[in-house]
Amino acid sequence: MSKEITARSQDYSQWYNDLVIKGALADYSAVRGCMVIKPYGFALWEKMRDTIDKMFKDTGHVNAYFPLFVPKSFLEKEEGHAEGFAKECAVVTHYRLKADPDKKGTLMVDPDSKLEEELIVRPTSEAIIWHTYKSWIQSYRDLPLLVNQWANVVRWEMRTRLFLRTSEFLWQEGHTAHATADEALEETLRMLDVYADFAENWMALPVIKGVKSANERFAGAVDTYCIEALMQDGKALQAGTSHFLGQNFARAFDVQFLSKENKQEYVWATSWGVSTRLVGALVMAHGDDDGLILPPRIAPVQVVIVPIYKGSDQKLLIDGKVGELLKQLRSSGVAVKYDDNDNNRPGWKFAEYEMKGVPLRIAIGARDIENNTVEIARRDTKEKTTVSMDGLSERIARLLEEIQQSMYNKAKAYRDEHITPADDWDEFVNILNEKGGFILAHWDGTVETEQKIKELTKATIRCIPLDGEKEAGKCILTGKPSSQRVLFAQAY
RNA sequence: CGGGAAGUGGCGCAGCCCGGUAGCGCACCUGGUUUGGGACCAGGGGGCCGCAGGUUCGAAUCCUGUCUUCCCGACCA
C-alpha cells in the first residue's frame, strides 16, 4: 500500500488528484484553471487521440484546422448557441502592449490598439466553421462534408479540476453537413457508436448510450446524444457527445445547396466531440489506492522490465538477456520499457510503475537467468507468477488482452450493480444517498420536474437510454404518466 | 462569484502568536556499500520566505492591498 496516495474511501477527490499528479499525468500551472499535461499524460492522450483519429478516418472523415478566434458577430448568429456559451468566453479586445510609463519594467495594454470587433477564443467552433462552410457548399455534390478538427478550446469555468474540467482543454470536434435530415441523424448515431466502441474496447469503460433531455441539450442542437460512464464513487461522467443540429446552423449562417431537383435547400448538420476529460474518466474508473491502472490497449508503456542484480557482473548478464526479450517483445508490437536506472532499487520501481498504471511488470534477476524464468506481475490484480522465458512474447500478448478484457468486465460488473430501478420518490432518494450510481426511473418529461429533482437531490437526467424499453409508469416526483424510464445520477 | 484553507530551496512542511544570522524530511550532487516490495553511511550544493506597498534601527513574522492554488456551493464537457 502506498504511503503517498490518499485512500479512495477517505477522500475520493483527493485520491483522484493524487493519482493525476503522482501518476505524472498532469500538474497545476501558473495559469488559473489551466493544467500542464506532462509527457506521460500526453503520451496517454496521444494514444487515445491516434486511435480515435483512425476510427474517424475509417468512417470517411478528414481533418482540417480552423482559427482559434471567433469574431463576436459570428457567435451571435445562432441564438441558442450564443446564449449557451456567452457566460464562459475569453474575449480578446486589444492586440498590443506597451511599456507602462508610470511603472518601469511593466507592460500595459495599449489603449490605441482596441479591436474594431472583439474576438472570442473559441469555446467550440460551430460558428467559425459554419461561416466557412457557406463558401464550401453549393451543390448536393459537395455533400456530405465530413470534417474533424483536433484543437484546444477555452471555457471560462468557475471551478476547475484536472482533466475533468479545465479552462482550456484539448479535444476533437467533428462538424458535418448533409443533404437530408435522415443522413445527418444517421451520422450523429454513427459517431456515437464510434465513441462507445472506443470507450468500451479501448478504454475498458462501459457506457450507456442515450439522448439528452431538453435541459441538458447542447446549445444550438436539436438533439444531443451522449455516452455516460460510471465512476467508482457512484457519480456519472459524460464521456462523449454527438449532436444532431438540424438546420439551425445552416439557417444562421445561410448555408444552402442546390439539390438534384435544382432547389435551394438548407443543409443538415451534426457535431460531435470527446476531450481530454476522457483521461480523467480513465483515472476514476480504473484506479486504486496504489495508483493508476491503465488498459493495455492505450497504455503508453504496456510492459516494464526491472532488473534485479548484485554487482555489475550480474547486471551485464541480465542486460544481455533483457536485450533479447526487448527485441522479441518489440517485434511483436508491445510497448516495452527497460528500467535499468541504477539510482532506484527494485522496490522503488515496483511502486513507481504501479503508480503509473503500467499493465505488466517483468522482474528478472540472477536466479531467473539460472532457471530461464522471469517474474510477471499484473497491475490490475497484483498477481505475480514466475514463468519460463520460452514463448514469453506470446504469453505477454495473451496476458495484455486478458487484462484488457478483465478490466472491462470488472468495470461493467460494477456499473451493472449500480443501475438501480426506483419506483417512487423515497426509493429514489434512498438509492441516491445509500448507494449512488445510475437510477432508472419514470419522469413526466417536463423541464420543470427535472429542475426540481436536481434542486432536491443534485441528480440530473444523464440520458434517455437508446436501448430502453417502453414501459408505462408514473413520474417519481409528480406521479404523472410516463412511457419510459430515464437514467438519473449525480454527475461530474 | 460566495464560504473556508493555504502560498517559505524541485516536492512536502516547521518557524509567524511574542520582529533580531531561514530550518527539517524527501529529492539533487560526490564517494562508497547495496539491490527479489519505496536502501544505508559520509561529505556537499541550492531559498531576496507569492507579489507590491507600509510600520520599524531591523520584517518570513505586524498592517494594507493584490495575485495564485486547493476544498465546499451556484455554472458547465
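For the numbers below, each heavy atom of this structure counts, side chains included, while hydrogens, waters and symmetry mates do not. Being a predicted model, the structure only gives us computed values, none of them experimental. Throughout, protein chains are lettered first and strands after them, A, B, ... in sequence-line order, and every chain is numbered starting at 1.
Distance check on atom P: B:A59 versus B:G54 gives 12 Å, rounded to whole Å. Rounded to the nearest Å, the gap between the C1' atom of B:C72 and that of B:C28 is 38 Å. For B:C11 and B:C63, the C1' atoms lie 32 Å apart once the distance is rounded to whole Å. Rounded to whole Å, the separation between the P atoms of B:C17 and B:G12 comes to 25 Å.
Remark: C1' of B:U35 and CD1 of A:Ile318 are 10 Å apart, rounded to the nearest angstrom. In this structure, A:Lys349 atom NZ and B:G36 atom P are separated by 11 Å, rounded to whole Å. One interatomic measurement links the two molecules: CD1 of A:Ile362 to P of B:G37, which rounds to 18 Å at whole-angstrom precision. In this structure, A:Glu228 places its CD atom 11 Å from P of B:A77, rounding to the nearest Å. Straight-line distance from the NZ atom of A:Lys38 to the P atom of B:C11: 10 Å, rounded to whole Å. Rounded to whole Å, the distance from NZ on A:Lys22 to P on B:G38 is 18 Å. Remark: C1' of B:G38 and CG of A:Asn341 are 14 Å apart, rounded to the nearest angstrom. For the pair A:Trp348 CH2 and B:C26 P, the interatomic distance rounds to 15 Å; values are reported in whole Å.
Using a 4.0 Å heavy-atom criterion, one finds that A:Glu352 contacts the bases of the nucleic acid, with or without backbone contacts as well. Heavy atoms of A:Thr166 sit under 4.0 angstrom from at least one base atom. A:Ala239 comes within 4.0 angstrom of no nucleic acid atom, judged by non-hydrogen atoms across all strands. Using a 4.0 Å heavy-atom criterion, one finds that A:Leu164 contacts the bases of the nucleic acid, with or without backbone contacts as well. Among the protein residues, A:Gln238 comes within range of the sugar-phosphate backbone only, with heavy atoms under 4.0 Å from sugar or phosphate atoms but none that close to a base.
Taking 4.0 Å as the cut-off between side-chain N and carboxylate O, A:Lys315 and A:Asp342 do not count as a salt-bridged pair. Between A:Arg379 and A:Asp290 no salt bridge is recorded (no basic side-chain N to carboxylate O distance below 4.0 Å). Using a cut-off of 4.0 Å between Lys/Arg side-chain N and Asp/Glu carboxylate O, A:Lys321 and A:Glu324 are scored as salt-bridged.
Between A:Asn343 and A:Thr276, the residue anchored nearer the 5' end of RNA chain B, judged by the nucleotide with its closest heavy atom, is A:Asn343. With RNA chain B read from its 5' end, the first of the two nearest nucleotides for A:Ala491 and A:Tyr309 is the one closest to A:Tyr309.
Pair assignment for B:G53: B:C63, on the basis of Watson-Crick or G-U wobble contacts that are both within less than 3.5 Å. For B:C1, the paired nucleotide is B:G73, the pair qualifying as Watson-Crick or G-U wobble because both relevant distances are below 3.5 Å. Remark: B:G58 base-pairs with no nucleotide in the shown strands. Criterion, Watson-Crick or G-U wobble with two distances under 3.5 Å. Under the Watson-Crick and G-U wobble criteria, each requiring two contacts below 3.5 Å, nucleotide B:G25 is paired to B:C11. Pairing of B:U68, defined by two Watson-Crick or G-U wobble distances under 3.5 Å, is identified with B:A6. When both pairing distances are held under 3.5 Å, B:C40 makes a Watson-Crick or G-U pair with B:G32. Pairing of B:G47, defined by two Watson-Crick or G-U wobble distances under 3.5 Å, is not identified with any nucleotide.
Each of B:G37, B:C75, B:G36 was ranked by its minimum atom distance to the side chain of A:Arg345; first place goes to B:G36. Side-chain atoms of A:Asp342 lie closest to B:U34 of the nucleotides B:U34, B:G38, B:A77. Closest contact between the side chain of A:Phe169 and the listed nucleotides B:G37, B:C75, B:A77 involves B:A77.
The aromatic rings of A:Trp130 and A:Tyr133 stand perpendicular to each other, their planes meeting at an angle above 60°, with 30° marking the opposite boundary.
Minimum interatomic distance between A:Glu228 and A:Cys463 (heavy atoms only, all atoms of both residues): CG-SG, 4.3 Å.
Remark: the A:Asp368 side chain and the B:G36 base include a donor-acceptor N/O pair separated by less than 3.5 Å.
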Review point. Just by protein heavy atoms under 4.0 Å, how would nucleotides 69-74 of chain B read 5' to 3' in B, S and -?
Key: SSSBBB

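The closest donor-acceptor contact from the side chain of A:Asp368 to the backbone of A:Gly365 lies under 3.5 Å.
Checking A:Asn152, A:Thr160, A:Thr276 one by one against A:Glu168, the side-chain hydrogen bond (donor to acceptor under 3.5 Å, both in side chains) holds for a single residue, A:Asn152.
In this structure, A:Lys310 reaches the B:U35 phosphate: one of its side-chain N or O atoms is under 4.0 Å from OP1 or OP2.
Counting heavy atoms from C-beta outward, A:Trp45 and A:Phe163 have side chains that stay 4.5 Å or more apart.
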Practice item. Given side chain to side chain contact (heavy atoms under 4.5 Å, CB included), test A:Tyr225 with A:Met191 step by step and report yes or no. Key: CA-CA 10 Å; A:Tyr225 293 82; A:Met191 300 325 286; over 6 Å; no

